[in-house]
Protein chains: 2
Amino acid sequence: MDTIKTQQWTSDSVAADLERAIHEHRLPPATKLGEDELGDAYGISRTTVRAALHALSHRHLVELRRNRGAFVAQPSVREAREVFEARALLEPRTARSAAERMTDAALDLLRANIEDEHAALDANENGRALFLSGQFHVEIARIADQTTIETFISELISRSSLIIALYWRRRAALCETQAHHALLDAFARRDGDSAEQLMKNHLLDLVASLDLRNVAQPATSLREALNR
Amino acid sequence: MDTIKTQQWTSDSVAADLERAIHEHRLPPATKLGEDELGDAYGISRTTVRAALHALSHRHLVELRRNRGAFVAQPSVREAREVFEARALLEPRTARSAAERMTDAALDLLRANIEDEHAALDANENGRALFLSGQFHVEIARIADQTTIETFISELISRSSLIIALYWRRRAALCETQAHHALLDAFARRDGDSAEQLMKNHLLDLVASLDLRNVAQPATSLREALNR
DNA sequence: GTGCGCAAGATTGTATACAATCATGTGTGC
DNA sequence: GCACACATGATTGTATACAATCTTGCGCAC
């Protein structure tokens with residue numbers, strides 16, 4: 001197997017590349033991430049790969065098992081609930097702050113994001129659309145000028161993508177963009193109250209679209225299923 | 001210099017050990033954390049030390065500068081505000097959840113924590129008292145049964161300790177334990193409303209006890225001061 | 001005497017080599 | 001034929017060696 005790109009990969013950029021692949025569902029939950037394999041793929045040594053995998057494990061996107069390797073995380077039903085509870089605490093109030101600090105330039109960024117998502121959906125690039133949909137939320141935290149909270153939300157968004165991969169119920173993804181449009185309107189009006197409430201409902205809708213009953217989790221490999 | 005302990009150090013345990021040292025102000029902000037130095041101190045190779053330092057940098061407790069090394073982080077005034085804004089979003093509602101789920105065993109844990117803090121203060125172990133004071137908040141998240149939020153709060157608490165090291169204004173630390181006592185009472189009554197409100201006020205008091213005006217930050221070395 | 005440039009030392013960044021651990025398959029005994 | 005034990009292979013955990021980068025001090029030119 002040849003290397004992926006001609007680039008000066010660092011542990012951070014490899015981690016970002018892997019995170020995006022996970023976020024876009026190109027690397028589904030439970031995928032084995034062998035160090036040698038990744039090292040060959042990126043054309044780097046295991047040292048750098050290990051640093052990237054450890055970084056992702058701190059973001060709960062990768063699960064490290066001692067002497068067994070790294071796997072794309074498989075959030076449990078419980079973890080899924082927790083992630084959305086954390087988002088419910090952080091995002092509505094952050095959306096309010098963003099609305100209050102909104103600028104025209106920031107509005108353009110959010111509009112461009114929504115348009116890109118539409119374009120990706122039209123091109124049947126569902127993974128990319130999902131990624132952009134998440135970026136919308138991260139952008140809001142950035143506009144709210146809360147770097148610390150943005151870091152948390154960014155992690156929660158990526159984990160949400162894994163949760164969606166495992167527990168998504170509905171087929172129609174269009175309701176999503178509708179909520180983002182409504183938020184955009186509230187932002188355009190600098191309406192903090194509406195933004196907070198819309199974000200709250202948006203998150204509730206997201207959870208409602210998941211199947212979080214305590215059913216057996218899908219496992220890609222038999223071994224994984226039995227070790228649980 | 002001889003090794004610290006006879007123990008099988010792993011990157012995680014080294015990171016935990018360093019985090020506690022930072023939390024207890026035994027390693028003040030801007031302290032240089034040389035890899036060779038730490039490797040010798042713990043009796044391990046640089047590989048493991050590096051993994052620990054990277055882990056701490058992901059928690060924003062250590063700042064890594066390319067080709068220059070690792071330093072105990074020095075949160076800026078802005079970062080300090082952000083940390084407490086994040087805590088304000090997470091902790092009050094978490095305290096409410098904890099109150100609603102409180103058990104007698106959990107109450108005992110919290111009581112023991114407060115007693116230990118008193119004992120530490122009496123023994124003039126201020127660092128240990130500060131650590132225990134932070135653990136009180138982490139325990140609450142654990143009692144609320146929110147692992148994800150607990151992780152975030154744990155990080156924010158450690159960062160708060162750095163913030164206190166840099167920006168603490170008042171001398172009297174006794175007001176602290178008073179707030180924890182009040183919270184304990186609310187928990188004992190399973191009074192979610194009070195717990196949420198008390199936590200909110202407690203965090204406001206904490207911020208008020210800091211000097212977050214935009215003054216020049218104290219720097220331990222001249223070089224650090226100039227590079228900023 | 002001051003300022004620039006270069007070289008030496010120190011420290012981190014990366015790769016490679018070795019050790020430890022786990023998974024798997026085979027063989028032997030019952 | 002089944003179960004347990006051991007050996008083999010594969011993969012991760014750790015240490016060491018080398019390369020790259022930055023700091024620092026000296027020396028030379030002006």
Side-chain angles (χ1 to χ4, degrees), chain A residues 1 3-18 27 30-58 61-73 219-228, chain B residues 1 3-18 27 30-58 61-73 219-228:
Chain A
M1 179 174 180
T3 59
I4 293 182
K5 293 177 189 173
T6 310
Q7 174 180 344
Q8 199 69 353
W9 290 105
T10 108
S11 64
D12 285 339
S13 65
V14 170
D17 199 59
L18 287 174
L27 291 174
T31 303
K32 173 74 184 287
L33 299 173
E35 296 181 355
D36 273 321
E37 199 175 356
L38 287 173
D40 291 344
Y42 285 102
I44 54 180
S45 77
R46 279 178 51 220
T47 308
T48 308
V49 172
R50 277 178 72 80
L53 290 176
H54 274 77
L56 291 177
S57 84
H58 291 131
L61 298 178
V62 159
E63 187 184 351
L64 295 179
R65 305 188 191 173
R66 189 175 178 86
N67 290 317
R68 297 189 50 189
F71 303 82
V72 177
T220 43
S221 80
L222 293 176
R223 179 159 299 278
E224 290 306 318
L226 299 176
N227 280 335
R228 214 183 299 141
Chain B
M1 177 173 180
T3 59
I4 292 183
K5 294 177 189 173
T6 310
Q7 176 179 342
Q8 200 68 352
W9 290 106
T10 115
S11 63
D12 285 339
S13 66
V14 170
D17 199 61
L18 287 173
L27 291 174
T31 303
K32 172 75 184 287
L33 299 173
E35 296 181 356
D36 272 322
E37 198 175 356
L38 287 173
D40 291 344
Y42 285 102
I44 54 179
S45 76
R46 278 179 51 222
T47 308
T48 308
V49 172
R50 278 178 71 81
L53 291 175
H54 274 78
L56 291 176
S57 83
H58 291 131
L61 298 178
V62 159
E63 186 184 353
L64 294 180
R65 304 188 191 173
R66 191 175 176 84
N67 290 318
R68 297 189 50 191
F71 303 81
V72 177
T220 42
S221 79
L222 293 177
R223 177 159 300 278
E224 290 306 316
L226 300 175
N227 281 336
R228 214 182 303 141

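A note on names: the letters A, B, ... follow the listed sequences, proteins ahead of strands, and every chain is numbered from 1. Quick caveat: nothing in here was measured; it's all calculated off a predicted structure.
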Set of residues satisfying ring pair (Phe, Tyr, Trp, His ring centres under 6.0 Å) with respect to A:His54, sequence neighbours excluded: none
Whole-Å gap separating C1' (D:dT21) and CG (B:Leu64): 16 Å
Qualifying residues under side chain to side chain contact (heavy atoms under 4.5 Å, CB included), relative to A:Ser13, sequence neighbours excluded: A:Gln7, A:Trp9, A:Thr10
Any B:Tyr42 side-chain heavy atom under 4.5 Å of B:Asp17 side chain: yes
Heavy-atom protein contacts under 4.0 Å, nucleotides 7-17 of chain D, coded B base, S sugar-phosphate only, - none: ----SBBBBBB
Worked check of side-chain contact (heavy atoms from CB on, under 4.5 Å) between B:Leu27 and B:Leu33: CA-CA 9 Å; B:Leu27 291 174; B:Leu33 299 173; 4.2 Å; yes
Side-chain heavy-atom pair B:Leu53, B:Leu18 within 4.5 angstrom cut-off: yes
